[in-house]
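Have a look at the structure below before the remarks.
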Amino acid sequence: MINITFPDGAVRQYEQGSSALDIAKQISEGLARKVLAAEVNNEVWDAKRPINNDAEIKFLTWDDEKAKSTFWHSSAHLMAEAVEGMFPGVKFWVGPPLEKGFYYDIDLGDNVIAEEDLKKLEIKMAELAKQNNAYQRKEISKEEAVKYFSEKGDEYKLDLLSGLNDGGITFYTQGNFTDLCRGPHIPSTGFVKGIKLTSIAGAYWKGDEKNKMLTRIYGVTFPTQKELDEYLILLEEAKKRDHRKLGKELGIFTMDDDVGPGLVLWMPNGTVIIEELEKLAKETELQAGYKRVLTPHIGKESLYLTSGHLPYYKESMYPPMELDGVKYYLKAMNCPHHHKIFAAEQHSYKDLPFRLAEYGTCYRYEQSGELFGLMRVRCLHMNDAHIYCTREQFAQEFRAVNDMYIKYFKIFGIEKYVMRLSLHDPKKLGQKYVNEPELWIETENMVRQVMKDADIPFVEVQDEGAFYGPKIDVQVWSTIGREFTLATNQVDFAQGKSFKLEFTNQNNEAETPLIIHRAPLGTHERFIGFLLEHYAGKFPLWLAPVQVKILPISDKFLEYAKNVLNKLKIADIRVEIDERSEKIGKKIRDTELMKIPYMLVIGEREVNEEKISIRRQGKGDMGSKNLEEFIELLKEEVKSKKAVV
RNA sequence: GCCAGUGUAGCUCAGUUGGCCAGAGCAGCUGAUUUGUAAUCAGCUGGUCGGGGGUUCGAAUCCCUCCACUGGCUCCA
């Protein structure tokens, strides 16, 4: 007998070799029907895997993220079985679960798969699921596994095997499909009910663009059709919040073939938002001791050779224009220009930290396939600044930047974010990273310490640093689930040297400053793209391009309405009037769709009472007030920067 | 850049196996209407069917090529 400890601390005895599923069955059949996998001593196991020693166990059902992963990974195997049935002889790489769903990377050989085939595969998967085949685990020696895949001629699985040690290797089989897999899996295919294969994509083998491109099929499955349907509806809803759709509908931005891909034209409504954001940045940075500068959009080749950007960055810069034998590049970053401003004057340690800020316009020739709405563009306006400081000042400055991020995130109601410490890869020193092994370690430690001291949670990732130093990237998720880097805070120990930047220290010696590059609001493009999805186009009052729309019921009340318009304008409110001879219902509908926060309905009653009727976007009629009162409310709301939910 | 897909009026979309001057709704314009909290009515304008080339008696429909966009990969603020 073995002792099994349950999450509530209860200990019960079971026969040696009982599986989690056996145990669940003894508790109740209902539970057993729901168990997808089990955590055995904090490791996820197949529910049917025999337990031979005393253990702590926890049943995993659909509600548990780990069970979902197991479910989706098992679904990937199910899809692989269907694919193998359709295209015999194909080879499989890996098929991991995702946050929502799964994929499998497949070498289809000479076969081509089209979107229509996904339907067929779904049907095939449903058939196979219905057979309710068990996922059978088998421990196997490395020799035997190598033999199996050698005979199959499967170089991919052999490659996986080469990285595995003998002893821990397992095969999983369901129906006619056997895969090298560490598991775990759900008990049988019958659990998979709602099946949707979402897309086909190419993916480089091992994520390296020099390697062969495999076919990746994405899918998602659920234990019931109903849950799948609900998920698909959710996806449809998410599309409505897409910043590209909203951007067009609300007149925020546009792009044009004749201007060029990735080049954003900010329309009047978008420009209002940009100006408000810049106002916020200016106020915030002024208080934080930054000085504003303005620099040209181009620079000579020599500038980028000095900075060291050119060798690392040339591919993503617009090609140079040549004048009188000198090459000029469009700037892809503002730092070299700022460094030259630092260099233009003598600096004493007493001047430091020296902080230069600019909403700098940069041009990056991103690969065509990388462009994506506002999130990835070729002309961007960066909320950039460079801080020149001493080593002693570094910690405090770096922390102040992080604090600024958090302050901004509060204003915008950004609750979900992760700070990511991006480190170098020692193997790539001299290639992707400047060859200063000690400085890398030193600055990485400095940043790590700052984060720890400030008690800010962060994750560390290898091989993600800037070429000149480690950085903190801030990952955010828009409400529709897109993840991207919004802000960045970088240490630079290299450019100070290469630009021969100096200050005089207490001992009257020349010393090179450390440089912090930072962009808390990222770029206008990405930030506004994010905000569009974050607010679903319903911008808080302070950012709303049009804050108030006046809706006269008929032109009889136009004069009064225009009077209101002028008073609001004088109060610095962004206000418009709808003079069309449409019915009030129509005017309201159009204004609601444009997501304008306040509507003022003006008819006979308002004129007689010298009031205005207020309607709040999404909330309906709010009753009437006199105009002065309303203006005060507006001013307060603007000042609070709060979003109405 | 790579893999797969899409590209028809300002927008959202129809357009059957290639075959009468390419359609609808919304928007726009003109007129009527003067309206009380999410769509008033009528008429009209508007399209080299992404560009170019080819197959064919005939192409929005088939083929090639280029461009743009979409979903991914690589890359990234």
Side-chain angles (χ1 to χ4, degrees), chain A residues 103 105 108 112-118 198-218 239 242 244-245 248-249 254-258 260-262 313 315-316 332-334 360 362 364-377 380-384 422 464 466 471 473-475 484-490 517-527 529-530 551-558 580-593 599-606 613-623:
Chain A
Y103 68 79
D105 279 349
L108 289 172
V112 182
I113 189 163
E115 300 274 344
E116 308 94 75
D117 295 323
L118 293 184
T198 44
S199 67
I200 305 170
Y204 297 109
W205 183 43
K206 294 186 177 178
D208 188 333
E209 66 182 323
K210 289 184 199 79
N211 284 341
K212 182 170 183 178
M213 184 159 260
L214 304 176
T215 302
R216 176 173 294 182
I217 306 178
Y218 284 88
K239 272 191 200 156
D242 189 302
R244 290 164 297 186
K245 184 171 155 62
K248 175 175 275 206
E249 287 168 358
T254 188
M255 305 220 203
D256 187 278
D257 280 0
D258 276 337
Y313 229 88
E315 291 304 303
S316 11
M333 62 292 298
N334 304 300
C362 299
R364 297 182 177 178
Y365 195 77
E366 304 289 356
Q367 293 188 57
S368 59
E370 288 161 355
L371 299 174
F372 173 68
L374 287 178
M375 300 309 191
R376 213 46 197 286
V377 296
L380 41 104
H381 298 85
M382 204 187 300
N383 173 224
D384 213 354
S422 302
E464 290 283 338
K471 57 178 180 172
D473 282 331
V474 187
Q475 303 298 113
F484 39 85
T485 304
L486 198 63
T488 180
N489 189 6
Q490 313 175 344
H517 304 234
R518 45 109 281 183
L521 296 176
T523 66
H524 279 320
E525 286 71 19
R526 189 172 284 183
F527 199 72
F530 168 81
L551 311 177
I553 285 175
S554 88
D555 16 325
K556 283 187 236 158
F557 316 113
L558 256 183
R580 297 176 302 167
S581 81
E582 292 286 350
K583 289 170 78 173
I584 190 68
K586 168 76 167 167
K587 291 186 181 182
I588 285 171
R589 181 182 153 79
D590 290 347
T591 316
E592 285 277 348
L593 290 176
M599 283 153 268
L600 302 184
V601 176
I602 287 171
E604 195 174 355
R605 266 203 314 268
E606 287 72 23
S613 282
I614 302 162
R615 184 187 163 98
R616 176 87 213 198
Q617 201 275 338
K619 301 227 183 259
D621 196 344
M622 313 280 281

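Just so we're on the same page: letters track the sequence lines, and every chain starts at 1. Computed from a predicted structure; not experimentally measured.
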Span that lies between the [atom1] atom of [M] and that of [N], in whole angstrom:
| N | M | atom1 | answer |
| --- | --- | --- | --- |
| U40(B) | U35(B) | C1' | 9 Å |
| C49(B) | G43(B) | C1' | 27 Å |
| C69(B) | C63(B) | C1' | 23 Å |
| G28(B) | U74(B) | P | 45 Å |
| G51(B) | U56(B) | P | 22 Å |
| G47(B) | G10(B) | P | 8 Å |
| C20(B) | G15(B) | C1' | 15 Å |
| A22(B) | C64(B) | P | 27 Å |

Residue pair Gly262(A)/Asp621(A) against RNA chain B: nearer the 5' end by closest nucleotide is Asp621(A)

Most 5' of Ile614(A) and Ile113(A) on RNA chain B, judged by nearest nucleotide: Ile113(A)

So [Y] and [X], do their side chains get closer than 4.5 Å, heavy atoms only?
| X | Y | answer |
| --- | --- | --- |
| Met382(A) | Asn334(A) | yes |
| Val474(A) | Thr488(A) | no |
| Arg580(A) | Asp590(A) | yes |
| Gln475(A) | Thr485(A) | yes |

Are the side chain of [X] and the backbone N or O of [Y] linked by a donor-acceptor pair below 3.5 Å?
| X | Y | answer |
| --- | --- | --- |
| Arg526(A) | Met375(A) | yes |
| Lys587(A) | Pro552(A) | yes |
| Gln617(A) | Glu592(A) | yes |
| Arg518(A) | Asn383(A) | yes |

Report the residues that fulfil salt bridge (Lys or Arg N to Asp or Glu O under 4.0 Å) with Lys619(A), sequence neighbours left out, ordered by chain and then residue number. none

Answer yes or no: are there more than 12 heavy-atom neighbours, outside Glu604(A) itself, under 6.0 Å from its atom CD? no

Mark yes when over 12 heavy atoms from residues, nucleotides or ligands other than Phe372(A) sit less than 6.0 Å from its CZ; otherwise mark no. yes

At under 4.0 Å between heavy atoms, how does the protein contact [range]? Give one character per nucleotide, 5' to 3', with B, S or -.
| range | answer |
| --- | --- |
| nucleotides 72-77 of chain B | BBBBBB |
| nucleotides 47-53 of chain B | ------- |
| nucleotides 29-36 of chain B | ----BBBB |
| nucleotides 62-67 of chain B | ------ |

Grab the [atom1]-[atom2] distance between [X] and [N] for me, whole Å please.
| X | N | atom1 | atom2 | value |
| --- | --- | --- | --- | --- |
| Ile217(A) | G5(B) | CD1 | C1' | 14 Å |
| Leu551(A) | A38(B) | CG | P | 12 Å |
| Arg589(A) | A39(B) | CZ | P | 7 Å |
| Met599(A) | A39(B) | CE | P | 13 Å |
| Leu593(A) | U12(B) | CG | C1' | 14 Å |

Evaluate salt bridge (charged side-chain N to carboxylate O under 4.0 Å, His left out) for Arg244(A) paired with Asp242(A), printing each intermediate quantity in order. CA-CA 5 Å; Arg244(A) 290 164 297 186; Asp242(A) 189 302; 2.6 Å; yes

Just N and O in the side chain of Lys586(A): are any of them under 4.0 Å from OP1 or OP2 of A27(B)? yes

Just the dot-bracket of RNA chain B, please: which string comes out with Watson-Crick or G-U pairs under 3.5 Å, [ ] for crossing, | for another strand? (((((((..((((.....[...)))).(((((.......))))).....(((((..]....))))))))))))....

Would you classify Arg616(A) as touching base, sugar-phosphate or nothing, given that sugar-phosphate means primed atoms plus P, OP1 and OP2, and contacts are heavy atoms under 4.0 Å? nothing

Whether His381(A) and His524(A) hold their rings parallel, tilted or perpendicular, with breakpoints at 30° and 60°: tilted

